[in-house]
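Each chain gets a letter, A, B and so on, in the order the sequences are listed, and its residues count up from 1. This one's a predicted model, so the numbers in the text were calculated from it and none came from an experiment.
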There are 2 protein chains.
Amino acid sequence: MEKLDKIDLRILRILQTDGRIQNIELAEKVGLSPSPCLRRVKILEEAGVIERYVALLNAAKVGAGLTVFVRIWLKAQDADTVDHFTKEIRQLPQVVECHLMAGDCDFLLRVVATDLDAYRDFQVHSLTRIKGVQSVKTEIPMQKIKSTSELPL
Amino acid sequence: MEKLDKIDLRILRILQTDGRIQNIELAEKVGLSPSPCLRRVKILEEAGVIERYVALLNAAKVGAGLTVFVRIWLKAQDADTVDHFTKEIRQLPQVVECHLMAGDCDFLLRVVATDLDAYRDFQVHSLTRIKGVQSVKTEIPMQKIKSTSELPL
DNA sequence: GATGAAAGCTTGTCCTA
DNA sequence: TAGGACAAGCTTTCATC
């Protein structure tokens, strides 16, 4: 993929806010006719600039209203321990984000749950049962100030 | 909105992985004909269970390849200080997530940038210039293990 | 990048269980 | 109360300019 020009960026900005916009309307907004507009979208998709289209749900309304950040320290940092941990984490649907960190802790997770009870259950029965986990520190947000899937362009 | 039944959940699961699936195909997958399927989707949208449809971009390919977590402590925690800070944060497109925290720090942010240089620039020129910011601690992920917009259903 | 045409989808109405 | 059938009107999408 060569460089993104102004029209590509405009297309991406719009698709980031409305992934279901009709091509005909998108074309109008970026100042093209439908064919070349669709051609550009397809190119952006094939180049992997657009990774996927998804519906975003209201977390509270589907029983995932609580977000928790979890810091995790492993007993060791060798490849086996880390690989095993990451493999297990990827299987857990409550873990929506997981990063291997430089510095203080080993991993930083974002976990969703219905409420604190459900989270405690998850921590006791799933998270801390993974082999190699030494300690876990939970951090709880009181208010979500901002959360977006839109990347700056 | 009454309770979500099995078919609703199936619809939501599918739309979370493919927000652009055609109604006709969605209907087939959930075992309905197109009309009642579309009717359910519309109800889910109107009830706010489905909040929006978006395109997810490849962060690296649009110059947002670096994710950074930032902990922030304010000089005070009164309403004015906090409100001013949150208002400013919402304006910054590099901040894709911001939570008011219980406990240690005041805010936890997720920030995207092109590279460390760009992030330093952001921290020096935007973040720490916001009135009321006392200190900032940056945490850098070395590897993204998992990141999804799919909520467990 | 635009035009035009064929194929297929969306979506509303009405009917049925 | 919910699903199914059908049809009109659009969109998508591709070949051609």
* Interatomic distance, B/Ile7 CD1 vs D/dA2 P [rounded to whole Å] -> 11 Å
* Measuring from B/Asp83:CG to A/Ile145:CD1, what's the distance to the nearest 0.5 Å? -> 9.0 Å
* Asked: Between A/Gln94 and A/Ser126, is any side-chain donor less than 3.5 angstrom from a side-chain acceptor?
  -> no
* Figure out the CZ/C1' separation between B/Arg20 and C/dC9, and round it to whole Å. => 14 Å
* Could you run down nucleotides 12-17 of chain D 5' to 3' and tag each one B, S or - for protein heavy-atom contact under 4.0 Å? -> SBB---
* Test side-chain contact (heavy atoms from CB on, under 4.5 Å) applied to B/Pro152 and A/Val62, A/Val112, A/Val95, A/Leu92, the passing residue -> A/Val112
* What's the CD-C1' distance between A/Glu28 and C/dG1, to the nearest Å? -> 17 Å
* Asked: Between B/Phe107 and B/Phe85, how do the two ring planes meet: parallel, tilted or perpendicular, split at 30° and 60°?
  -> tilted
* CD of B/Gln77: more than 12 outside heavy atoms within 6.0 angstrom? -> yes
